[in-house]
Amino acid sequence: MAQYENSPFADPAEDSNPFQDPAVIQHTTQSNQYATLDVYNPFDTNQGPPPAYQSQPAVQPSPAPPPPAPAVQPPKKQSPAEPKNYGSYGTQEVTAAATAELLKRQEELERKAAELDRRERELQSAALGGTASRQNNWPPLPKFCPVQPCFYQDIGVEIPQGFQKTVTCMYYLWIFNAGSLMLNMVACFAWLCVSAEGTDFGLSILWALLFTPCSYVCWFRPLYKAFRSDSSFNFFAFFFIFCVQDVVFVLSAIGIPHWGYSGWILALAALKTNVGVAVIMMVTATFFSTSAILGILMLQRVHSLYRRTGASFQKAQEEFATGVFSNKTVQTAAANAAASAAAGAAQGALQPH
């Protein structure tokens with residue numbers, strides 16, 4: 001009790017501070033051990049005192065990542081806006097027809113321009129090279145041969161670019177036909193060895209010697225000149241002769257006995273005699289059949305090109321008349337006939353009756 005007595009030596013500030021009371025200090029010290037009142041339930045008898053407050057270090061916010069750089073895209077090419085057609089269906093048909101006509105005229109102009117360019121190059125080459133550039137080069141014979149080339153042929157120079165592929169295919173068809181005739185001679189000779197029949201072999205030699213040059217002169221050269229100079233007369237000559245050639249292709253593929261062709265009929269008949277000879281004859285028949293099929297297809301192709309060139313039967317007549325009257329031989333014969341007729345008429349008038 002002595003501590004509550006007034007002491008003349010006590011510090012007056014200590015007596016006047018109510019928070020210096022030991023009971024208050026003890027309670028304050030215990031109350032700092034609890035975190036908050038949110039986790040403390042005063043009505044829960046089983047729960048111990050609330051957990052002590054633990055100060056957590058402040059979490060520094062992580063710096064935000066820098067925004068990604070915008071992707072650089074190449075500038076887009078502005079496509080021209082397509083004109084919208086607000087017309088009726090009839091207007092669209094008229095527009096389509098006009099466009100087709102313009103395209104057709106453009107193709108015709110390009111073809112004529114290519115033709116003029118080709119002729120200009122040909123004239124330039126002839127002027128630079130003289131007559132040596134136009135010497136005959138077909139058939140390609142050796143220099144020591146007494147027979148010289150008869151024709152000048154250069155598809156890349158003389159034929160317009162749009163028709164060069166067709167003329168080249170027809171030239172290869174002629175070569176294939178010539179090879180088929182040579183193989184036909186071999187097959188007929190093999191048939192002669194096993195059957196002792198020489199008719200087919202003799203005719204095969206005749207057809208090879210006759211049709212190889214005649215087919216070149218009669219239908220390939222007219223086709224070549226038709227595309228070279230846009231000649232209607234040569235087109236008609238080609239169509240007439242090549243139709244006959246297609247018929248010969250079909251007959252040779254059939255192979256009628258004693259006609260000089262090793263076709264399918266004669267090849268099947270050879271199976272009963274000799275299988276090896278029959279195989280050779282079947283190969284020949286296959287060549288003839290291929291020639292017939294290719295001939296029909298190329299005839300259709302040439303006819304379609306002929307209709308695009310503007311050739312006609314009237315132009316063919318005019319070319320024929322012009323060619324006949326401009327021929328020196330025909331002119332000489334006509335002049336001689338006219339002179340003879342005039343002389344005969346004069347003599348008849350001078351004779352006394």
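Everything numeric here is computed off the predicted structure, so don't read it as measured data.
A 4.5 Å side-chain heavy-atom check between Gln135 and Tyr152 finds every atom pair outside the cut-off. The shortest side-chain heavy-atom distance between Ile296 and Gln300 falls under the 4.5 Å cut-off. Inter-residue side-chain proximity for Trp191 and Ile280 is flagged as unmet; no heavy-atom pair is nearer than 4.5 Å. In this structure the side chain of Asn234 never reaches within 4.5 angstrom of the side chain of Arg228, judged on heavy atoms.
Of the possible polar contacts, none joining the Thr212 side chain to the Leu209 backbone as a donor-acceptor pair under 3.5 Å is found. In this structure, the side chain of Gln148 engages the main chain of Cys145 through a donor-acceptor pair within 3.5 Å. A donor-acceptor pair is defined here as one N or O able to donate and one able to accept, closer than 3.5 Å; such a pair exists between the side chain of Asn184 and the backbone of Ser262.
In this structure, the separation between CE on Met298 and CG on Leu173 is 7.0 Å, given to the nearest 0.5 Å. In this structure, CG in Leu266 is found 8.5 Å from CD in Glu197, a value given to the nearest 0.5 Å. A distance of 11.0 Å separates CZ of Arg301 from CZ of Phe163, quoted to the nearest 0.5 Å. The structure places CD1 of Ile175 at 12.0 Å from OG of Ser180, a figure rounded to the nearest 0.5 Å. Atom CE of residue Met182 and atom CG of residue Asn177 lie 10.0 Å apart, to the nearest 0.5 angstrom. How far CZ of Phe242 is from SG of Cys218: 12.5 Å, rounded to the nearest 0.5 Å.
Note on Leu294 and Phe249: separate hydrophobic clusters, where clusters join Ile, Leu, Val, Met, Phe, Trp and Tyr whose side-chain heavy atoms are under 4.5 Å apart, directly or indirectly. In terms of hydrophobic clustering, with Ile, Leu, Val, Met, Phe, Trp and Tyr side chains grouped at heavy-atom distances under 4.5 Å, Phe240 and Trp219 are assigned to a common cluster. Val186 and Phe201 end up in different hydrophobic clusters when Ile, Leu, Val, Met, Phe, Trp and Tyr side chains are linked at under 4.5 Å. Leu183 and Val277 fall into different hydrophobic clusters, defined by Ile, Leu, Val, Met, Phe, Trp and Tyr side-chain heavy atoms under 4.5 Å apart, directly or through other members.
Cluster partners of Val244, using a side-chain heavy-atom cutoff of under 4.5 Å among ILVMFWY residues and allowing indirect links: none. Here Phe144 sits alone; no ILVMFWY side chain lies under 4.5 Å from its own, so it joins no hydrophobic cluster. In this structure, Tyr261 belongs to a hydrophobic cluster whose other members, linked by side-chain heavy atoms under 4.5 Å apart, are Leu181, Leu203, Leu206, Trp207, Leu210, Phe211, Val247, Val248, Val250, Leu251, Ile254, Ile256, Trp259, Ile265, Phe288.
Side-chain rings of Trp138 and Tyr216 approach one another, their centers coming within less than 6.0 Å. Between Phe176 and Phe287, the distance separating the two ring centers is shorter than 6.0 angstrom.
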Applying side chain to side chain contact (heavy atoms under 4.5 Å, CB included) to Phe151 and Val217, what does each step give before you reach the verdict?
CA-CA 10 Å; Phe151 306 99; Val217 175; 4.1 Å; yes
I'd like to know whether Val302 forms a side chain to side chain contact (heavy atoms under 4.5 Å, CB included) with Leu223, so could you lay out the CA-CA distance, the side-chain angles of the two residues, the decisive distance to 0.1 Å, and finally the verdict.
CA-CA 9 Å; Val302 173; Leu223 176 71; 3.7 Å; yes
Audit row: Met185, Ser204, side chain to side chain contact (heavy atoms under 4.5 Å, CB included) steps and yes/no:
CA-CA 5 Å; Met185 291 176 53; Ser204 66; 4.0 Å; yes
Is there a side chain to side chain contact (heavy atoms under 4.5 Å, CB included) between Leu271 and Met282? Walk through the geometry before answering.
CA-CA 10 Å; Leu271 284 174; Met282 285 183 180; 3.7 Å; yes
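Of all non-hydrogen atoms in Asn136 and Cys150, the two that sit nearest each other are ND2-O, 3.5 Å. When all heavy atoms are compared, the tightest approach of Ala208 to Pro213 is O-CD, 4.3 Å.
Annotation: side-chain hydrogen bond (donor to acceptor under 3.5 Å, both in side chains) contacts involving residues 269-294, sequence neighbours excluded, comprise Trp264-Ser289.
Side chain to side chain, Glu158 and Tyr224 meet the donor-acceptor criterion of an N or O pair below 3.5 Å. Counting only N and O atoms by type, the side chains of Ser215 and Trp174 include a donor and acceptor under 3.5 Å apart.
The neighbour count for Tyr172 OH, taken as heavy atoms of other residues, nucleotides or ligands under 6.0 Å away, does not exceed 12. Summarising the local packing, CZ of Phe189 is surrounded by 12 or fewer heavy atoms from other residues, nucleotides or ligands at distances under 6.0 Å.
Evaluation of the salt bridge (charged side-chain N to carboxylate O under 4.0 Å, His left out) rule for Glu108 yields Arg111 as partners, not counting sequence neighbours. Residues passing the side-chain contact (heavy atoms from CB on, under 4.5 Å) test with Glu101 are Arg105, sequence neighbours excluded.
When Phe235, Tyr306, Phe238 are each tested for a ring pair (Phe, Tyr, Trp, His ring centres under 6.0 Å) with Phe227, only one passes: Phe235.
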